[in-house]
*Asks:* 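Structure below; questions to follow.
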There are 2 protein chains.
Amino acid sequence: MTSLRGATSPSLTPWPTADYRSRRWTQSVAVREQQFDSSNPAMSFPCLDAQEAKSASLSTRSMSSGPEPSYTTGQHENFHCKTPLLLDWGGVLPEFDVAYETWGTLNADKSNAILLHTGLSASSHAHSTPTNPKNGWWEKFIGPGAPLDTNKYYIICTNVIGGCYGSTGPSSIDPSDSKRYATRFPILTIEDMVRAQFRLLDSLGIQKLHASVGSSMGGMLSLASGVLFPERMGRLVSISGCARSHPYSIAMRHTQRQVLMMDPNWQRGFYYDSIPPHHGMKLAREIATVTYRSGPEWENRFGRKRADPSKQPALCPDFLIETYLDHAGEKFCLEYDANSLLYVSKAMDLFDLGYAHQVATRARRVQNQKRMVLGSMERNGASCSLALPDKPYEEQPATLSSLTPMNEPATDDSADGPPQDLIRGMSPLKDHPVLVMGVASDILFPAWQQREIAETLRAAGNQNVEHVELGEDISLFGHDTFLLDLENIGGRVGKFLG
Amino acid sequence: MTSLRGATSPSLTPWPTADYRSRRWTQSVAVREQQFDSSNPAMSFPCLDAQEAKSASLSTRSMSSGPEPSYTTGQHENFHCKTPLLLDWGGVLPEFDVAYETWGTLNADKSNAILLHTGLSASSHAHSTPTNPKNGWWEKFIGPGAPLDTNKYYIICTNVIGGCYGSTGPSSIDPSDSKRYATRFPILTIEDMVRAQFRLLDSLGIQKLHASVGSSMGGMLSLASGVLFPERMGRLVSISGCARSHPYSIAMRHTQRQVLMMDPNWQRGFYYDSIPPHHGMKLAREIATVTYRSGPEWENRFGRKRADPSKQPALCPDFLIETYLDHAGEKFCLEYDANSLLYVSKAMDLFDLGYAHQVATRARRVQNQKRMVLGSMERNGASCSLALPDKPYEEQPATLSSLTPMNEPATDDSADGPPQDLIRGMSPLKDHPVLVMGVASDILFPAWQQREIAETLRAAGNQNVEHVELGEDISLFGHDTFLLDLENIGGRVGKFLG
C-alpha cells in the first residue's frame, strides 16, 4: 500500500485506482436517501445566499429610490464652518460641518462645558434628546445625578469629522465639484478631528472646558485635545485609550480595512451611486467585534454551544459565537459608511503623542500653510486674499511654547519607564488633573497602554494623575466595558469630575 | 453658524452653501502641482492594483497550462487505503491517501515509532529527506541527538486528511465521479484525521507508538490519538493545544473562513478550473498571522515604524506591521488550498474531548455504520458484501470500555477545577506519561487552555503529567513559539521522550 509518490499536481482524469468495489460501495451509501453522483452531498451555504439576496435587494432599492443608505442617528445640531480646515497631512476641507448634541445648560460664564468624545463609529447621540428620544450610546452615563451630571454640566458630544453622522466625511459633498468626496477625502488625524471640535467651541463662545471625557478612540481624542489646547482644558478623562497606537491594534484595524476594500462593491470608495460594500463591512465588523470583548466572557456566555445541535456542522455560522458575530456584523453593515470606517480607523493608527511626531507634524503644517497662502496669492493676486481664514485654525501659541525643548534631550526609550520622547510630547498635560482608566480583559487597548499614559504623565511631572485598572474580577467585558459598566466606569468618572 | 438639521440623506445636487470664496480658495491650493477638480487628489491603491494584476496573471496561466496551483512540498511517501473511512459526521471517503515522511529507523519489534502531528497548514515535511532536501517545518527539532532523536526513534509525520499536501482532501478527486471533491468533501473532525493516521500505522505494522507529539492543531491530534487509541499509545506530548476549542479561537477562525468565502473567486469551493481565491486566502492568512505572535513582540520588532515615512499615509499597507502582514498573506495565498483551510479549520472548531460529545459521536457513528451496511446490502443483495471494510475502522474495544461511566456521575462544571465531563472524556489518558506545554504570550491557544489539559488529566487520576508554561520572560513569540524555540520547547520534549 506504500509507494513513493512524486510532487505532481492532482490529475483531472478519472481516478486511476478507483476500483469497482469501493465505487459500488460508495454508491450504496449515497443512494440511501437521494441519488448523488458524488460520494457525499454538496454543502449548502445559507450565509452566502443571504448576502446575495441582500445585494439584489439593495440594487433594486438603489434603482427605485436613489442611492442608499443614508447614515443617520436622527436629529442633531449642526455647526457649519466656512473657514477652511488644513489637515495634518496636507489635505484641506474648504468648509465643513460638525454634527453635535448637547445636554444640560451652559452657565453664564460658560465654564461648565464638558466635551464628550466618541469611539470610532459612534454618533453625537450619546443620550436621548427632545428631538431624538432614542437611547444614546452612553444613555445611563449622562443625566441629572449621573456621572456626567446635567444638573451641573453642559455636555457636548460631536460626530467626528471623517464620520458619517452629520459631520463632514467621505460621504459628504466636495464643494469643489459637487460630487461626494469618496476616497478623494484627505487623510485625517485625531488632531484634525480635535481642531474641528474646537472651532465648534469657538462658535459657542466656550473658551475653556471644564473637562474632556472619552473612551476608546475618544480616549485618544481626549488626550489630544489637552495636548493641542492645554490652556483651554480643565480636567481630562481618558478611558481604554492610548497615547500612541501600537502595532497589534494597527494590525487588527489593518485586517478590517483590507477585508472591506476586498469587497468588489467597495469600488475603491466610489460606491455611493450603487450597492454599498455591505458584505465587506459586515466582515470588518465581525473582526472588530472579536477585539471588543474577551475570551473568558465568551466562554461564560457561549461556551461551545452550537446554534442548532441537531444540524450537521457547516462552514457558514454554526457555533453560537459565530451566529453572534454574524448578527453583530449584519446589524452594522448598513449603519455606518464604509469610507468613514477606513478614514477614521486610519486616523487611529496614525495617533502618536510622541514629541518627534508632533514636531514633524508641525513642520509639515507650516509648510502646507505657506503653500496654501502662496497658492491663494497666485490665484487671487498679491492683495490680501479673501481666501485667508478669518479666524486662526492653528493651535494657540501656548501650545507651541509647550513644545519647546525641555531640559533633558530626547533620548531613545529608557529600559524602564516610558520613553523620553513620549514624556516630552505629553508634557503640555503636566498640570491638568487626569483620570486614566483601563480594563485588564481588554485585548484591543490592553491595560498596559493606559498604564503607559499614567506613567508618562507622572514622569512629565503631573502630580494629579489618577489611574484605575479594572481587574478580571470586576469586568470580563474587555474593551466594551466602558459602554456597559455604569458602576465602575461611570462611578469613577463622576467622582473625578466632582 | 448653528442650525437644526434633519435626519436626511446627503443630497446629490450641487452643494447649496458652497460659496465662491471657499471654492476659489480650494482651487488655488489644488492647482499647485496639478489641476484637480476635487478639493484633494484621489487616493491610489497599489495593494488593489497588485491583486488585480495577480488575478489576471493567474487567469492567463490557468488558460495556458491547466488549473493551478498544485499544492506540494515535494517528494513524500504515500499510503493509499482502499477501505472506506466513515467520518464522525456521517460522511465517507470511499478510499483515501495519507502522505507521510519518516526519519530514523524502525527497530525490529517496531516499538520505537513516534507519530508527529502537524499544525493546520503544515505538510508531512517536518525535516529534510534524501528525496526532498528542503528544510522542514521542524528541521532543527528532528535528527541525530535532536529532541526527536533519529538515533533512537523512528519519526513519522503525515499530512492530515482534509489537507492538500498529498493526503486526500477537498482538492482530491472523488472516485465516485472523477471530479474534485471541492465542497462536496464531507465535514471532518480531528478524530477522523487520527483514524486515517492509524490506518497508516496498521499498514506499517506498528501496534504501539513510543510517543505521539504535536503542537497547535497537532496538540489536539496528539491528545485525540491517545483518547481514541489508548492501548496503542506510549508517551504523549501536547504543545500549545487544547482539550476542546474555545469560543475566542472559534471566532478567530470563523472570521478567516468568512473572509475567504467572500472572495468571488472562491465560487463556493468550485474554483479548481479557474482562478483560486488568492485574495481571500491572503486576507485569511493575515488575520491568522495576527493571532500567531504577540503584541509585545511586534512592539519590539515593528513599533510604530512606517514602511516609507517620506510618503503620505495610505489605506493600503503603510506601517511596517502592515507590510509584514501583507507579506505573510501573499506568501501563503497560493501555497495552501482554500478548501483545505476551510475544512481543517472547521475540524479544529469541532474539537471537544468532553465525554458527552464523545458519546454523541459514538452513537452517530454506530447509526451511520448500520446505514452503510444496510445500504450496501440493499444494493448488493443480502449476501456478505465485498463492500464491507476488510479491517475494523472503529476504535478498539478498549476505548469503548474506557468510556463506560466512572464512579462519579457527570455533573455540571464545578466552580473550581476542570469540568467533570472533560475529566471523564480524558480518562483514557489517566495512565500515560503526558507532557503539556503552553506559552504565556499565546493569544490563540492561551496558556489557561494548556493548564486546563494538565489539571483535567490530574483530576482523572494521572500521576505522570508534566506541565510547563513558558513565561513572557522566556518567549514573546506567542503561538509561534513551538516553531522557534529549540531550547525551551525542544529541550523539554527531548528530555520527556528520554
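Hydrogens, waters and symmetry mates play no part in the numbers below; they use all other heavy atoms, side chains included.
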*Asks:* OH of Tyr248(A) to CZ of Phe302(B): how many Å apart, nearest 0.5 Å?
*Replies:*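 Taking OH in Tyr248(A) and CZ in Phe302(B), the distance rounds to 14.5 Å.
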
*Asks:* Give a yes or no on whether a salt bridge exists between Glu322(B) and Lys346(A), defined as a side-chain N under 4.0 angstrom from a carboxylate O.
*Replies:*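 Judged by the 4.0 Å cut-off on N to carboxylate O distance, Glu322(B) and Lys346(A) do form a salt bridge.
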
*Asks:* Apply side-chain contact (heavy atoms from CB on, under 4.5 Å) to residues Val290(A) and Met252(B) and explain how you reach the verdict.
*Replies:* CA-CA 7 Å; Val290(A) 172; Met252(B) 293 302 301; 3.2 Å; yes

*Asks:* Mark yes or no for whether Arg304(B), through its side chain, and Ser245(A), through its backbone, hold a donor-acceptor pair below 3.5 Å.
*Replies:* yes

*Asks:* Heavy-atom pairs under 4.5 Å with chain A - which of Glu286(B), Met262(B), His279(B) has more of them than the others?
*Replies:*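 Most heavy-atom pairs under 4.5 Å with chain A: Met262(B).
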
*Asks:* Against chain B, label Pro317(A) side chain, backbone, both or neither, depending on which of its atoms sit under 4.5 Å from a heavy atom there.
*Replies:*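 When you check distances to chain B, atoms from both the backbone and side chain of Pro317(A) fall under 4.5 Å.
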
*Asks:* Heavy-atom cut-off 4.5 Å, strictly under: side chain, backbone, both or neither for Arg293(B) against chain A?
*Replies:* neither

*Asks:* Given a strict heavy-atom distance threshold of 4.5 Å, which part of Pro313(B) is in contact with chain A: side chain, backbone, both, or neither?
*Replies:* both

*Asks:* As an exercise, state the distance from CD1 of Ile250(A) to CG of Asp318(B), rounded to the nearest 0.5 Å.
*Replies:*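 Ile250(A) CD1 to Asp318(B) CG: 9.0 Å, rounded to 0.5 Å.
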
*Asks:* Checking heavy atoms, do the side chain of Ala314(B), its backbone, both or neither come under 4.5 Å from chain A?
*Replies:* backbone

*Asks:* If I take atom CG from residue Asn40(A) and atom CD1 from residue Ile187(B), how far apart are they, to the nearest 0.5 angstrom?
*Replies:* 10.5 Å

*Asks:* Determine the option with the most heavy-atom pairs under 4.5 angstrom with chain A, choosing from Lys282(B), Met261(B), Arg257(B).
*Replies:* Met261(B)

*Asks:* Name the member of Met43(B), Arg268(B), Gln312(B) that forms the most heavy-atom pairs with chain A at distances under 4.5 Å.
*Replies:* Arg268(B)

*Asks:* Does the side-chain contact (heavy atoms from CB on, under 4.5 Å) test come out yes or no for Ser39(B) and Phe185(A), once each step is laid out?
*Replies:* CA-CA 8 Å; Ser39(B) 296; Phe185(A) 198 78; over 6 Å; no

*Asks:* Between Glu299(A) and His246(B) (side chain of the first, backbone of the second, donor and acceptor by atom type, cut-off under 3.5 Å), is there such a pair?
*Replies:* no

*Asks:* By a 4.5 Å heavy-atom criterion (distance strictly below it), what part of Cys47(A) contacts chain B: side chain, backbone, both, or neither?
*Replies:*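 Just the side chain, heavy atoms under 4.5 Å.
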
*Asks:* Among the options Tyr324(B), Tyr165(B), Phe351(B), pick out the one with the most heavy-atom pairs lying under 4.5 Å from chain A.
*Replies:*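 Looking at each of Tyr324(B), Tyr165(B), Phe351(B) in turn, Phe351(B) comes out on top.
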
*Asks:* Quick check on the interface: out of Val259(A), Thr255(A), Leu315(A), Leu325(A), who has the most heavy-atom pairs with chain B under 4.5 Å?
*Replies:* Leu315(A)

*Asks:* Would you name the heavy atoms of Trp298(B) and Ala251(A) that are closest together and state the gap between them?
*Replies:* CZ3-CB, 3.6 Å

*Asks:* I'd like to verify something: which residue of Leu320(B), Asn132(B), Leu48(B) has the highest number of heavy-atom pairs under 4.5 Å with chain A?
*Replies:* Leu48(B)

*Asks:* Between the side chain of Gln258(A) and the main-chain N/O of Leu283(B), is any donor-acceptor distance below 3.5 Å?
*Replies:*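 Side chain of Gln258(A) to backbone of Leu283(B), a donor-acceptor pair under 3.5 Å: no, none is there.
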
*Asks:* With a 4.5 angstrom heavy-atom cut-off, which part of Asp349(B) approaches chain A: side chain, backbone, both or neither?
*Replies:* both

*Asks:* Could you go step by step and tell me if Ser38(B) and Asp177(A) meet the side-chain hydrogen bond (donor to acceptor under 3.5 Å, both in side chains) rule?
*Replies:* CA-CA 6 Å; Ser38(B) 59; Asp177(A) 67 355; 5.4 Å; no

